[in-house]
Each structure stands twice: as structure tokens, then as C-alpha cells.
Amino acid sequence: MAVCGSMGDNFINQGLTMKRPDWLSVDQLNAVNCLVLVIAIPVFDNFVFPLLRRCGLRMGPIVRITTGYSIVVCAFIYVTVLQKVIYSTGPYYDFTGPDVPVGATNDISVWYQIVPYAAIAVAEIFASVTALELAYSQAPTELRSVLTAVYLSTICGGSLIGMVLALWGGDPQVLYVFAGETVVLGVLTVVFYFSFHHYDSIVAKQEQFKS
């Protein structure tokens, strides 16, 4: 989930090139992510996950994390395509012309950004929350705080990656940043699943033993 740090920088830079109401600040769209999390977490905990279990579809922690990563990949595919559409829309296209004023925007609505903000929130439910639970439950009692802190340090790492990627957040190179992030996320999702999917059976056996 480290690349999700883009929500705080390159997503905002993208939004600044899109039409928006006078009362809306682009960084306020981050609230969509928080709002979806607040609404979706109880919905998934009380309805979605129990329904999947009743249907005989058990999602182990690795499958859930992989599902979260896959949703992020889809969100970044959307963002990359959206960036391409922005550059294909006038009047300033990729903002490299000689007469582009400060604060220029193309004729495409900033509300299109709601989709990736909401998708990444759902991905956090599958990936971030599950990873935190897994780190806590699998650690020895005396190391739970340490491993939880190690996991949370990855959020710091993600923010640092986001700061570095923001160096290439200008137009038109941000399109290639989004495309690169999408490819890296896709590859890492596949590598992660095939490297750790056997832990789902281990966790299932632990749960059977406890019950």
C-alpha cells in the first residue's frame, strides 16, 4: 500500500489540472477516502465478509491482502487512463504550450477523481486492516508491539516514496509516473500472492485448533 502515498501529492497535482467548483479545494477530496472507510468498514465486517463465509467462500488473510492490492492496481489503471484523457482534452492539453497560465485547467471534471479515492479506501479494508491483524496475531506475545510498529513503519515508507515520486509530479511526466506505479503494483501483487499464499492454510489450521 506504500504507493498510495500518491493520494497526498500526485493525485492532488492531477486534480489541480481539472475543472472544479469555486468552493472545492482539490485536497478536500481526500475526505472521500476517509468517508468511504468509515461507512464501508462496518458494512464489510457485518454483511460482506459474513455473507462470503455463508456462501462457502473463505478469504484467508493473504487472499484478502491480495484482493486489496488488486483493487489498488485497478485504481491506478483508472488514474493513468484519466491522466491520458486530461492530456487529450483542451484547451491546454498537456500544459506544455507557451501560453499556459498559472492555475490552468482542462475541460474535465475533478469529480472523476472520486473513483480512485473510494477504491483505495476499499482496498485498505482488505489489505491494510488485514495486514495489521496478521502482524499482531502471528507475533509472539512479547513481540506484538514490535511487529505492529514495524508494520506501521511501512506507512512512513510509503509517505517517503510519495514525496520522492512527487519530484516527477509535473506535466507531462506525471503520466509516466502513474503508468510506472501501475506496472510495479501489478507485478508486486502477483509476486506477493505466490510467495505467501501458503500462509492461508497455516492460519486456517490455527483457527481450527483454537476453536
Side-chain angles (χ1 to χ4, degrees), residues 1-45 48 68-129 154-185:
M1 303 298 288
V3 185
C4 293
S6 288
M7 284 196 304
D9 36 69
N10 287 340
F11 276 24
I12 291 176
N13 290 338
Q14 183 186 70
L16 290 172
T17 65
M18 306 172 75
K19 288 288 186 183
R20 58 191 181 279
D22 293 335
W23 52 267
L24 179 69
S25 174
V26 175
D27 58 330
Q28 289 176 330
L29 286 179
N30 271 305
V32 173
N33 180 268
C34 300
L35 182 63
V36 172
L37 277 174
V38 170
I39 295 174
I41 286 177
V43 170
F44 273 82
D45 283 345
V48 177
Y69 289 169
S70 300
I71 294 172
V72 173
V73 171
C74 293
F76 269 82
I77 291 173
Y78 178 96
V79 169
T80 303
V81 173
L82 178 60
Q83 188 66 52
K84 180 64 176 177
V85 172
I86 292 171
Y87 288 160
S88 300
T89 305
Y92 300 105
Y93 299 99
D94 64 358
F95 302 95
T96 57
D99 301 318
V100 178
V102 176
T105 60
N106 281 336
D107 293 329
I108 181 171
S109 174
V110 74
W111 298 117
Y112 285 109
Q113 282 198 314
I114 288 179
V115 174
Y117 278 110
I120 288 175
V122 174
E124 289 183 60
I125 296 173
F126 280 96
S128 296
V129 175
T154 62
I155 298 175
C156 172
S159 298
L160 292 175
I161 291 173
M163 291 173 62
V164 172
L165 292 175
L167 297 175
W168 295 277
D171 299 302
Q173 61 267 26
V174 69
L175 174 63
Y176 304 106
V177 172
F178 284 139
E181 289 176 326
T182 303
V183 172
V184 170
L185 282 167

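Taking CD of Q83 as the reference point, atom OH of Y176 lies at 11.0 Å (rounded to 0.5 Å). Distance check, rounded to the nearest 0.5 Å: CD1 of I120 to CZ of F76 gives 5.0 Å. With values rounded to the nearest 0.5 angstrom, T182 atom OG1 is found 8.5 Å from F178 atom CZ. Separation of atoms SG (C74) and OH (Y69) is listed at 15.0 Å; rounding is to 0.5 Å. One distance of note links CG of L185 with CD1 of I71; it measures 13.0 Å at 0.5 Å rounding. With values rounded to the nearest 0.5 angstrom, N13 atom CG is found 8.0 Å from D171 atom CG.
L82 has its side chain within reach of I108: a pair of non-hydrogen atoms, C-beta onward, lies under 4.5 Å apart. Contact annotation: the side chain of V26 never approaches that of F11 to less than 4.5 Å [non-hydrogen atoms, C-beta and beyond]. Between W111 and V32 the shortest side-chain heavy-atom distance does not fall below 4.5 Å. With contacts defined as side-chain heavy-atom distances shorter than 4.5 Å, the pair L167/Q173 does not qualify. The closest side-chain heavy-atom distance from Q14 to V174 is not below 4.5 Å. The side-chain heavy atoms of I12 and D27, taken from C-beta on, include a pair separated by under 4.5 Å. Side-chain contact between V122 and F44 is present, with heavy atoms from C-beta onward closer than 4.5 Å. Side-chain atoms of E124 and V129, non-hydrogen and from C-beta on, never get closer than 4.5 Å to each other.
The shortest heavy-atom contact between P172 and T96 is CD-CG2, 3.6 Å. When all heavy atoms of Y112 and M18 are compared, the pair lying nearest together is CB-CE, 4.2 Å. For the residue pair A121 and L37, the shortest heavy atom distance occurs at O-CD2, 3.3 Å. For G68 against A123, the heavy-atom pair with the smallest separation is O-CB, 3.3 Å.
For the side chain to side chain contact (heavy atoms under 4.5 Å, CB included) test with Y92, the passing option among V100, T105, T17, D99 is V100; the others fail.
The environment of Y78 atom OH is dense: over 12 non-hydrogen atoms of other residues, nucleotides or ligands sit within 6.0 angstrom.
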Next on the checklist: For a side chain to side chain donor-acceptor pair (under 3.5 Å) check, start with the C-alpha distance between N10 and E181, then their side-chain angles and the critical distance, and finish with the verdict.
Outcome noted: CA-CA 11 Å; N10 287 340; E181 289 176 326; 4.6 Å; no
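T89 places no side-chain N or O within 3.5 Å of a backbone atom of D107 that could act as its donor or acceptor partner.
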